[in-house]
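Remarks on the structure that follows.
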Amino acid sequence: MDNAKIAAAFDQLADLLEFQGANAFRIRAYRNSSRVIRDYPESIASLVHTDPGALTDINGVGKAVAEKCVALVQTGQLPQIQEILQQVPATVLDMLRVPGLGPKKAALLYRELGIENLEQLEQACQQQQVRALKGLGAKTEQQILQGIAIADAANQRIYWYEADQIATELRSHFSSCTGIDQFEFAGSYRRGRETVGDLDILVVSSDPEQVMDHLASFPAVEETIARGDTKMSIRLTTSFQVDLRVVAQESFGAAFQYFTGSQAHNVHLRGLARQRGLKINEYGIFRVEEEDEIYIAGETEEDLYAALDLPVFAPELREARREFEWAEHNTLPELITTTDVIGDLHMHTTASDGKHSIEEMVAAARQRGLQYIAITDHSQRVTMANGLDPGRLLEQWKQVDQFNETLDDDFLVLKGIECDILEKGGMDLPDEVLAQADWVLAAIHYGQKQPREQITDRLLEAIANPHVCSVAHPTGRLINRREPYAVDMDAVFQAAADHGKMLELNANPVRLDLDDIQCAAAHSHGIPIVINTDAHHIDGLGVMPYGILQARRAGLAREDVANTRSWPELRALVGVVSG
DNA sequence: GCCGTTTTCGGCCCGACTGTTTTCAGTCG
């Protein structure tokens, strides 16, 4: 059982307890445990087997949660959840996905009307039974009906790059709005999360009404969810939500910090403030004295963090993972930036399933400021993609050699291959062919549904192959589309570290594979990360910034990423076991 | 349920907006 599954169980337990009206702090403790476990870089299940006593060393995991982890790993179930499900059907939790419906109203509907699922809820609203309940009225009934219709779409998180497109359109839309002194996007978009649930716009303006009117006139607006004096929420035709907040100049930094989050980061920050007799809200940081609250700072994030003797954390790090610990020990990493990457070691050409020739890929890569690329077409097993057999591959490499001679000294094309890891195990090309490559990626394309042990063995065998330099898209996941393979990543990290191999962070915004937590875990094993575009088109080279954003979220510095180095320096790292 | 350089008990981040209410609970971020 992986950490995500364990975390999901605690989330479900928290949802059920909230529905039952349990103590709010107990619920929060479970949610906190869930987050900590989901973000934990090592396998909790392994810990349960090897050293269960160490579970409570994890901040946010106490005796009760540790015991539940053991039960979960050993039996696959949580007795407490089973117990509650005797009394409450699991489908009631679907009601919580309806915008505007929370645990209190859902529990009321279940208790008073016996509503157990969304179908019954819709019926009850249509038959006007809901408005009869105390505290609920006709408007709520209408809202629920609308909410049911968009429940799935409204809860869908979109890819970061899609949010980026919307953000660009909104920024452009607001360029014609006068009276705006500052305009920024905050939230998970600013933190660079791989998916984004909504967009948060923060504006400094003396005329909030005008700014809100301007947002309402954005062409893609479907409806206004809420609009007050300083805050407005809209839903786009795609059901995607955009929140706007208008603040005063002296509060801009505090609001920017607050709306950037994450919630867990903010909770921790505010706890630190309380310990010092300070209070943080979106208007500033205040000293609490008797009756008064005295404004200390808030115009910039720098001022706000400085008031707590903290550095301004890069937004990508604000997840209450390790940033506060790093700050305390003065070991905050200087995060990698987009200009640090100078090579790209995974791309395809017309020889397999790419759309452009080697020459075209090179020209596009040079235009993007790269100094070297590896051509890594598919190997023969990947028939759908016209994969290369040894003959075609050796022919391509001859072309690469010839082409390199026509280039200036400031650019290099590497003879590479994305060699399939066969379903039965082993590499798709003979060792004597792989030995002639400059750069060998190993990747799984078939047998993705194999049992955990089998897939893990395939990967470990590939990593041990002396010609393999790196594993491409190591987990095979496609965000929102396909689960990762069942694979023992702890074993993969151990093997990569033992053999001195690199792991890829595939920058395709739908892959981002490894993810941020896995990247951080790989890094803690001393494994160099190589960020590649896996481009199948010259435009595909443009996805590199998404990968870099993910690397930043993993806390990686320039030196942690292999393709920030010159090719000779990078190549010298392969096979070197640090110790 | 978790946590502790004030604390092993008593705290736990904070505010905007809405709908249904006559002062506030629920939801959301």
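In the text below, chain A, chain B and the rest are named by the order of the sequence lines, each starting its count at 1.
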- [ ] Pick the P atom in dG1(B) and in dT5(B), then give their distance to the nearest Å.
- [x] 23 Å
Task: Same-atom distance (P) from dT21(B) to dG15(B), integer angstrom - done: 27 Å
Task: Protein-nucleotide distance (E223(A), atom CD; dT18(B), atom P), rounded to Å - done: 13 Å
Task: Short side-chain N/O contact from Y283(A) to OP1 or OP2 of dA16(B), under 4.0 Å - done: yes
Open item on the list: I need the CD1-P distance between I225(A) and dC28(B), as an integer number of Å.
Closed with: 11 Å
Open item on the list: With a cut-off of less than 4.0 Å, is there a side-chain N or O of T230(A) near OP1 or OP2 of dC17(B)?
Closed with: yes
Task: Sugar-phosphate only, base, or nothing, as touched by I27(A) at under 4.0 Å among non-hydrogen atoms - done: nothing
Open item on the list: Going by purine N1 to pyrimidine N3 plus the second Watson-Crick contact, or the G-U wobble pair, all under 3.5 Å, which nucleotide sits opposite dA25(B)?
Closed with: dT18(B)
TODO: Would you indicate what R28(A) reaches in the nucleic acid, counting non-hydrogen atoms under 4.0 angstrom: base, sugar-phosphate, or nothing?
DONE: base
Task: Whole-Å gap separating C1' (dG29(B)) and CD (E282(A)) - done: 10 Å
Task: Atom pair CD1/CD1 of I296(A) and I280(A) - distance to nearest 0.5 Å - done: 9.5 Å
Task: Nucleotide of dA16(B), dG29(B), dG19(B) approaching K139(A) most closely (side-chain heavy atoms) - done: dG19(B)
Open item on the list: Whole angstroms only, please: what is the CZ-P distance between R276(A) and dT6(B)?
Closed with: 11 Å
- [ ] State which residue, out of R31(A), R28(A), K105(A), R26(A), fulfils the salt bridge (charged side-chain N to carboxylate O under 4.0 Å, His left out) condition with E18(A).
- [x] R31(A)
Task: Listed nucleotide nearest any side-chain atom of R270(A), set dC14(B), dA16(B), dT18(B) - done: dC14(B)
- [ ] Go through dG29(B), dC14(B), dC2(B) for me and flag the one nearest to the A64(A) side chain.
- [x] dC2(B)
Task: Nearest-angstrom distance from the residue atom CD of Q257(A) to P of dC14(B) - done: 13 Å
- [ ] Examine the side chains of Y189(A) and D164(A) and answer whether a donor and an acceptor come within less than 3.5 Å of each other.
- [x] yes
- [ ] Find which nucleotide of DNA chain B each of R26(A) and K104(A) is nearest to by heavy atoms, and output the residue with the more 5' nucleotide.
- [x] R26(A)
Task: Ring-ring centroid check Y159(A) Y546(A), cutoff 6.0 Å - done: no
Open item on the list: How many whole angstroms separate atom CD of Q143(A) from atom C1' of dT18(B)?
Closed with: 7 Å
TODO: Report which part of the nucleic acid L269(A) touches: base, sugar-phosphate, or nothing (heavy-atom distance under 4.0 Å, all strands).
DONE: nothing
Open item on the list: Work out how far the C1' atom of dT20(B) is from that of dA25(B), and round it to whole angstrom.
Closed with: 10 Å
Task: Pair Y258(A) + Y283(A): ring centers closer than 6.0 Å - done: no
Open item on the list: Work out how far the C1' atom of dC13(B) is from that of dG29(B), and round it to whole angstrom.
Closed with: 12 Å
- [ ] Compute whether any side-chain donor of one residue and acceptor of the other, for Q87(A) and Q20(A), lie under 3.5 angstrom apart.
- [x] yes
- [ ] Using the six-membered ring wherever Trp is involved, compare the ring planes of F185(A) and F183(A) and label them parallel, tilted or perpendicular (cut-offs 30° and 60°).
- [x] perpendicular
Task: Shortest side-chain distance from D243(A), nucleotide among dT27(B), dG29(B), dG19(B) - done: dG29(B)
Task: Residue N23(A), side-chain atoms from C-beta onward, closest of dG29(B), dG1(B), dG15(B) - done: dG1(B)
Open item on the list: Rounded to whole Å, please give me the gap between CZ in R31(A) and C1' in dG29(B).
Closed with: 14 Å
TODO: Assign Y30(A) to base, sugar-phosphate, or nothing according to its heavy-atom contacts below 4.0 angstrom with the strands shown.
DONE: sugar-phosphate
Task: First encountered from the 5' end of DNA chain B, between N281(A) and I58(A) - done: I58(A)
Task: Contact under 4.0 Å: T140(A) side-chain N or O vs dT20(B) OP1/OP2 - done: yes
Task: Distance between P atoms of dC2(B) and dT6(B) (Å, rounded) - done: 23 Å
- [ ] Report which part of the nucleic acid A255(A) touches: base, sugar-phosphate, or nothing (heavy-atom distance under 4.0 Å, all strands).
- [x] nothing
Open item on the list: Starting the side chain at C-beta, find the nucleotide from dG29(B), dG1(B), dC14(B) nearest to Y258(A).
Closed with: dG29(B)
Task: Pairwise C1' distance, dT23(B) and dC17(B) [rounded to whole Å] - done: 16 Å
Task: D560(A) side chain vs A557(A) backbone, donor-acceptor pair below 3.5 Å - done: yes
Open item on the list: Using atom C1' in both nucleotides, what's the gap between dA16(B) and dG10(B) to the nearest angstrom?
Closed with: 29 Å
TODO: Give a yes/no answer on whether the side chain of N59(A) brings an N or O atom under 4.0 Å of OP1 or OP2 in dC3(B).
DONE: yes
TODO: Would you mind reading off the distance between D11(A) atom CG and dG1(B) atom P, rounded to a whole angstrom?
DONE: 16 Å
Task: Residue-phosphate contact under 4.0 Å: K279(A) side-chain N/O, dG15(B) OP1/OP2 - done: yes
- [ ] Assign N32(A) to base, sugar-phosphate, or nothing according to its heavy-atom contacts below 4.0 angstrom with the strands shown.
- [x] nothing
